[in-house]
Structure formats: structure tokens, C-alpha cells
Amino acid sequence: MYKAVEFLNSYQREAVINNEKVLLLNSCVGSGKTTVLVHKVLYLYHEKKIPLKDMVVLTFTNKAAQEIKARILESDAVGEIKEEDLLFFGTFHSVARQLLSTCLPVEDLGYTKEFTILDQNDAESLFDRIINKYRLNIKYRKKLEKRMEEYKNGVSLYGVMKYEDEIEKFIECFSEEKKLLNVMDFGDLIKNASILLKNADFKPSWIIIDEFQDTDMDQLEMIDGLMDKNTHVFAVGDPNQVIYTWRGSSQSLFNTFKERYNAKEMTLPINYRSTATILEAARAFINMPHSLEGVRGKGASIIVKRHYNSFNEAMYLVDTIKKLIADGIKYKDIAVFYRMQKQSQVFEDVFKNHGIPYEVSLRKNIKDIPVLNWFIKLLKASVNSRDVDSLYYVLKDEKYGLGLTAKKASALYESIKKEEFNDIPEIVLKIMEFKTWCENNKPETTDLECHLYEYFDIDNYISPTSIYYDEDKILILNFLKELIDVSFHENTTIFERIRKAVDYSSLYGKSIIKESIDKDNDSIKLMTLHASKGLEFKYVFITGANYGIMPLGTRLMDEEEKRLFFVGITRAMDYLEISYHANPEDYRALPIVSPYLKMIPEQLIESQELKGRAHALSGLRKEIKSNMDKNSAEYIKMQKKALHPKYGTGYIISEEGENFVVEFDGYGKKTFSKSFCPLKFLD
DNA sequence: GGTGTCTCCGTTTTT
DNA sequence: CGGAGACACC
């Protein structure tokens, strides 16, 4: 008998050994769903003798996929399983990409096996080119992506416009152009995979899906395409944590799925994470409160605090955190949540100035590193000969490329098409001959990254005289190494490996440059409520919990905002504090607490606001006012002054990587690059 | 091509 | 409330 099952609780065990054809496992917050998923795989493999290549395990994020794979490897007591055996374990997109470029007939859809992935980055320049090429009249260009989305859903962002534009035609041209370029965007990967899977032989015996509540209709179709009459499906999810409907998921999809496959349902009810107090509060936010059971003691009350504004809140947090640290709590056990990204700024400033280590969960991608951005375009153009846009980018870029004008670049491209090979720049020849070069190299070549670097003669383009030269060179080499390592164990040609690596840069962009939060670093974690999903912390501070922010002013009646708040409070293991502002900055916010706090049973809350009310209102105002003035003065004092020849004196309000942001009286915020800025720093 | 008025939108973010 | 951008008019 597969041993590990004995350590699971009875609900978890039942789910692991259940052999229902389609099973939907409703797993409550903190109930060990990943553990069950991992042991399900191990059980099927060891006990039921299902080959790993007959299992498809689907997640939404790379992080989840990596965690599952790592835990399978470490939980496999026998030690038989190797990472490369987990062939179809990955995100929906990476599995779709894998199938499309190996066993599905993409030719039927007008593609070749050499297709590459069009990320948002690439799409923007493609949009411009399409509008010019077809001379389309398109309004609100900056919101084109959103408008396309809305158009598909049958609504239009700006209502009826006085003079309609050619958005419909644009959408047609866009999908035509993608085929011409032999590129698929993220949506195409899923859609094309599901179309082709319907008639394909690839039918795994088990499909296992993580975070099922996040699936959208297209992904459901992909699952359907993978199934035949012998396929088992094991889907794990929590309908109480549906917080991404704007990305296409919905609670009703749970029902669609249940009805379509006549799925059996089971539950994981036991939460191991939070104190009884926190769980009792959480129950107020879900449909079936009794299905959430706890095992821990009562714990501390939930603290509700009112601050004058976000700055006072941040100053207060500094004090509170310092006390916690003095009591032996680690920074990494503390998290601060908020509704919108921009709310992190005050915390960052104040924490930085008070020496509190923090990490912010921010989306960042390769686009923010110009040299890598250029280099990826070079690889994309080399690997996919139809990708004209990437080629143009390489040629037109002023810093790293040839700095050609749009006209010259397309003239050059035309002459190549006519096979007039005079005056072709070196880099273009390298791109054209890339495949041949790959074929002349052995797959087991070591130091492939250096060979590639030399082949393209990158030194020529990142100009050795530039102050960025060393930095850029290291960036490219490390990046290449990282990408090549990803496909290291695969027994294919170099070309195939590089092609795969290029797609990985789109699919894994964020994790490659390691910009995301590392939960093991000993620092306070700052993040949006959305980003907190799936994590847990001993101490959780939910900030800016005003009416109009939680829920957000435009979504006052929205159930999803409630679920988002639920996700936030259920991250807390031991201690939960919720605060709001008497003088909120955001135009949507009212100076009162979020209505969600009224839903939490009163006896669980220790409210600082009630104590405040006991004072005479005028006295309270005075107190708050003087407190704010004192704090604001301190805030300004701790900022550095700078003098600018034109704008005069200003305060440095933030430092972001290469840039300073300085606020000037009468001129507002200005950004300066650290390397060449005309500022004189004063004390 | 420049300038003034009026309308609409705003958040969350993965691949 | 503030910014972006379309539209109207010169």
C-alpha cells in the first residue's frame, strides 16, 4: 500500500484514493489541497501504476507548477521519479504550447511547427504596424487591447461613438497578421490546442487541475479536448476564492463542469492555518459556513484601527513592526495587504526611511530591461523566419540595433524577399543563417550561451564603450544560460532548444528575471489582496479598508470584492489587523470603514475606533490634525532635497532602480535618470 | 495645426 | 477628482 496516504486526514485520504471518473474536490482555504494533489499523483503512479506521461497536471501559474513538481520529487520516498518524467506537468499555456509544437497538426490552422509566442510586448508594435499597413481608423489606441476584449464580449468601452472606427476590421486583420507572422498569443495557444485536440490521439488517462476556480471557458474546452471515454479528471478548487472573473473565470463554470461531466463532489473542510477567531470571521463571507472547520485555539482578537491617512497608517505600522521584531517575530512572518498597487508607495517610502526591510509584489517583465528585450527579439526573428516585427525591432532599435528608420527597414526586408543580397547587414545574415548554424553544432555543445553570443557578435551591438557594456553582457549571458538550462535535459537539436527557450521567455518571463517576491527572504511582504492568494503569514495587516476601496467604489455591489476580502483575512495564521483612514486620499473612498467589517461578529473584534468615539469630536479632530502636521513635517524632513536649474528646489520622493522621482513646487513630479541628471543634491 | 470644451474612465494581472 | 482623448471651431 502507498504509505504516505496514512499521514493524511480522512477527507484528504478519500480524495487521494477515490477513483471516480470526474471528481471535483471543493477544498476550503488552508485545507492542504496541494498536499492532496501531490499525493494523488504519487498514489496513481505507485499504487495504480499509471505512467507519469499519461498524466496531465494543469496549473495557472508557473509558481504553482514549480511547487507541485518540487513537492512530488521531494515526497517520492522511493526516489524513482525524475523531473523530466513530469512531461505534461505545467501551466495550461506551457502544456498547450508543448502539444502544439510536437504532436498537434498546427499546419491545419495556417501555422508551422516553428511558431513562436506573441507576448503583450510584441503585440503593441504589431498593433501600430497593422493600423499603418491597412490604413485603419482606430480611436483610443492606448486602450486597444481592452477594447478588443470588450468587443468580443459584445460591449463597447466608449459606448456609441459619434463616429465609429474600424475596430471590427482591425480585429480581423490582427488574427490574419498573426498567422502571417507564424505567432500565437496566449489566448491562441489555448484555443488552437483545444481545436486540434478534439481529433488528436493524445488522450491522457488522468487530467489533474489545480485552482480549478480560475479556469475560463477556453481552458475548459482544452480540458474537454484532452478527454476521451477512459480519461479521469481530478479537479481541485475553491469557489469562495473566485477573484479573477475579469479574466474569464466564474463561479458558474463550476456548475457547467459538474453538469457536463456529471462530476462527483467531495470536500476538504479542515483548515489548519488560522486561529478559531480568524476562521469564525471568515465564515461570515462564504456560502456554506459550516463546511469550514478549524483545529486551532481561539487566538487573539481581530484588531480594527482608524488612522488619519495612509501616511499615519504607515508610521503606525513602523512602530508596530518594531515592537513585533523586539518580541522575536521575524520580518518574513508579517505581510501588509492593500487593494491597489499604488497604495504600496507610502509603505515603501516610510519603511525605507525607517530601515524596515520589505519586498513588493510588482509585475515586472523583461521589457523593463532594454538589452534583454532587444536580444529576445533577435532570437525570435532568428528562430521564426516569418516574424517580421521582431526583425524590424532588431533593425530599428536605436540603442542596440542598427537604428534604421521604418522605411529603410522595410526596404531592406523587401530586398531580402526578392533575394537581392547586396548590402545586407551582418546581423540580418546571422538571423537568416541561424538554422543552418544550429544544424552544424552538436546538441551536447557545452557553453552554448557563449557560442551564441559569439555567433551573433553581440559585442558589436552592446558597444564596449558604453557604461552599460559589462552589465549588458552579463545580463545576456545569464539570461541565455537560464533559458538554455530549462531545455537542458531534452534530447533535441540546438535549434529546437533555442526555439523552446524563446517561448519560455514569454511563458516564464517574470520568474526568469527573479523579480517576484521570495517568501524565504527575511523581509516584510507588501502586496495587493489579489497577489496574496495562496500565501499565508503569521501577522497580516489589511490596510486602507475604507468604504469605497473595499469594495472598490465602482463595484460596491460586487460579490467578488467580498471574496477578495475573504481571501485577505484567511491568509492570517495568528494575528489579523484591519485599518482604514479618516481622511482617505482616493476620490472614491468614504471616510468610514468597509461594510465588510460589519459582517464580522462583534465579539471577535477589538476596535480602536470605538475608543476614539468616546472623545469629544472637536478634541479628536485637533489631536488628529496636530498628529498629522507632526508626521507630515517628519515625512518632508526625511526626504532629500534637490536643486534643478529650471524647476528649482524639489524633494526626492522615490528612487526606483535607475531613476529618481523628484517633486517640484509648481512643476509636479519629474523623473530623472541617475546616470545623467542635472540635479544638485542638498541636505 | 492649435486651442477650448466635453465625455469617459479609473482596479485587480497571469500566461 | 484628474487625465486622456475626441470633437468642434478657428
Side-chain angles (χ1 to χ4, degrees), chain A residues 58-66 90-98 100 116-123 137-147 149-150 155-165 184-191 193 210-211 213-216 218-219 222 241-249 337-344 361-366 503-512 515-516 527-534 544 546 548-556 558 560-561 563-565 567-568 584-590 668-669:
Chain A
L58 298 168
T59 65
F60 286 86
T61 63
N62 290 304
K63 202 174 132 201
Q66 274 158 8
T91 61
F92 275 89
H93 293 89
S94 68
V95 171
R97 188 263 174 204
Q98 166 94 340
L100 287 166
T116 47
I117 296 174
L118 180 91
D119 53 37
Q120 262 132 347
N121 210 345
D122 306 322
N137 164 28
I138 296 291
K139 294 175 188 169
Y140 302 102
R141 276 198 198 197
K142 284 195 174 154
K143 302 207 170 159
L144 205 43
E145 226 183 296
K146 190 141 200 173
R147 286 186 61 205
E149 190 67 29
E150 307 265 285
V155 273
S156 90
L157 189 58
Y158 284 88
V160 180
M161 284 186 284
K162 188 145 190 192
Y163 306 102
E164 288 292 315
D165 67 358
M184 294 189 201
D185 62 24
F186 291 121
D188 297 332
L189 288 175
I190 306 286
K191 283 193 207 108
D210 185 31
E211 304 273 20
Q213 77 280 358
D214 290 340
T215 6
D216 64 25
D218 292 338
Q219 286 154 341
M222 177 170 153
Q241 294 186 65
V242 173
I243 56 172
Y244 286 112
T245 53
W246 43 278
R247 252 161 43 187
S249 70
F337 301 160
Y338 36 81
R339 180 61 179 77
M340 290 168 287
Q341 299 275 10
K342 64 175 179 193
Q343 291 173 271
S344 72
S361 153
L362 261 185
R363 60 207 135 113
K364 239 197 166 180
N365 60 45
I366 291 171
D503 281 349
Y504 267 75
S505 75
S506 302
L507 292 172
Y508 283 75
K510 227 167 116 178
S511 37
I512 286 168
E515 274 297 338
S516 46
M527 65 187 81
T528 61
L529 289 169
H530 282 89
S532 77
K533 200 179 105 189
N546 281 67
I549 301 293
M550 297 176 197
L552 202 61
T554 43
R555 309 186 6 170
L556 291 176
D558 201 318
E560 180 149 325
E561 291 283 313
R563 294 193 291 267
L564 188 57
F565 193 76
V567 166
E585 292 95 0
D586 193 282
Y587 71 101
R588 288 163 293 200
L590 299 180
K669 287 180 192 170

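Every chain is numbered from 1 and lettered A, B, ... according to where its sequence line falls, protein lines coming before strand lines. Basis for what follows: all heavy atoms, side chains included, without hydrogens, waters or symmetry-related copies.
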- prompt: Mapping A/S94 and A/M340 onto DNA chain B by nearest heavy atom, which one lands closer to the 5' end?
  reply: A/M340
- prompt: Tell me: CG of A/D210 to P of B/dT14, nearest whole Å?
  reply: 16 Å
field: Distance, P atom - from C/dG3 to B/dT13, rounded to whole angstrom
entry: 23 Å
message: salt bridge (charged side-chain N to carboxylate O under 4.0 Å, His left out) for A/E560 and A/R563? Distances and angles first, verdict last.
response: CA-CA 5 Å; A/E560 180 149 325; A/R563 294 193 291 267; 3.4 Å; yes
message: Among B/dT13, B/dT11, B/dT15, which nucleotide has an atom closest to any side-chain atom of A/W246?
response: B/dT13
- request: Let me know the distance between CD1 of A/I243 and P of B/dT13, rounded to the nearest Å.
  value: 9 Å
- prompt: Hey, is the side chain of A/N62 poking within less than 4.0 Å of OP1 or OP2 on B/dT15, counting only N and O atoms?
  reply: yes
message: It should be established whether A/Q120 places a side-chain nitrogen or oxygen under 4.0 Å from OP1 or OP2 of nucleotide B/dT14.
response: no
- request: Dot-bracket for DNA chain B, please, read 5' to 3', with Watson-Crick or G-U wobble pairs under 3.5 Å on both distances, ( ) within the strand, [ ] crossing, | other strand, . unpaired.
  value: ||||||||||.....
statement: Rounded to whole Å, CE of A/M527 lies from C1' of B/dT14 at a distance of 16 Å
- prompt: When you check the gap from the basic side-chain N to the acidic O, do A/E149 and A/K146 get nearer than 4.0 Å?
  reply: no
For A/D218, side chain to side chain contact (heavy atoms under 4.5 Å, CB included) partners two or more places apart: A/I190, A/K191, A/D216
query: Atom CG of A/L58 to atom P of B/dT14: distance rounded to whole Å?
result: 19 Å
query: Taking only N and O in the side chain of A/T528, is any of them less than 4.0 Å away from OP1 or OP2 of B/dT11?
result: no
- prompt: Between CG of A/L507 and CD1 of A/I117, what distance do you get to the nearest 0.5 Å?
  reply: 3.5 Å
- prompt: Between the side-chain atoms of A/R247 and the base atoms of B/dT13, is any donor-acceptor pair under 3.5 Å?
  reply: no
Extract from the structure each pairing of a protein N or O with an N or O of nucleotides 5-8 of chain B at less than 3.5 Å, listing the distance.
none

query: When we call it a touch if two heavy atoms are under 4.0 Å apart, what does A/K146 touch: a base, just sugar-phosphate, or nothing?
result: base
Backbone of A/Y244 reached by a side-chain donor or acceptor of A/S249 within 3.5 Å: yes
- request: Round to the nearest Å and state the distance from A/D586 atom CG to C/dG2 atom P.
  value: 12 Å
task: For A/T59 and A/D210, test the side chains for any donor-to-acceptor distance below 3.5 angstrom and give the result as yes or no.
output: no
- prompt: Picking from A/Q241, A/M550, A/R339, what satisfies side chain to side chain contact (heavy atoms under 4.5 Å, CB included) with A/L564?
  reply: A/R339
Side chain of A/K142 - closest among C/dG5, B/dT11, B/dT15: C/dG5
task: Say whether A/Q343 and A/Q341, considering side chains only, have a donor N or O and an acceptor N or O under 3.5 Å apart.
output: no
- prompt: Looking at C/dC1, C/dA6, B/dT12, which one has an atom nearest to any side-chain atom of A/K139?
  reply: C/dA6
message: Check this for me, if you would: do A/R247 and A/D214 make a salt bridge, where the nitrogen-to-carboxylate-oxygen distance has to be below 4.0 angstrom?
response: no
message: Would you say that A/M340 contacts A/H530 through its side chain, given a criterion of any heavy-atom pair below 4.5 Å between the two side chains?
response: no
- line: Side-chain atoms of A/H530 come closest, of C/dC1, B/dT13, B/dT15, to B/dT13
query: Nearest to the side chain of A/Y587, which nucleotide is it out of B/dT13, B/dT15, B/dG10?
result: B/dG10
- request: Quickly work out the A/L100 CG to B/dT15 P distance and round it to whole Å.
  value: 18 Å
message: Under 4.0 Å, counting only non-hydrogen atoms across every strand here, what does A/E560 touch: a base, just sugar-phosphate, or nothing?
response: nothing
query: Please give, in whole Å, the distance from B/dT12 C1' to A/E561 CD?
result: 8 Å
query: Rounding to a whole Å, what distance do you find between A/R588:CZ and B/dT11:P?
result: 7 Å
query: Which comes earlier along DNA chain B counting from the 5' end, the contact point of A/L564 or that of A/K143, where each point is its nearest nucleotide?
result: A/K143
Plane angle bin for A/F92 and A/F60 - parallel if under 30°, tilted between 30 and 60°, otherwise perpendicular: tilted
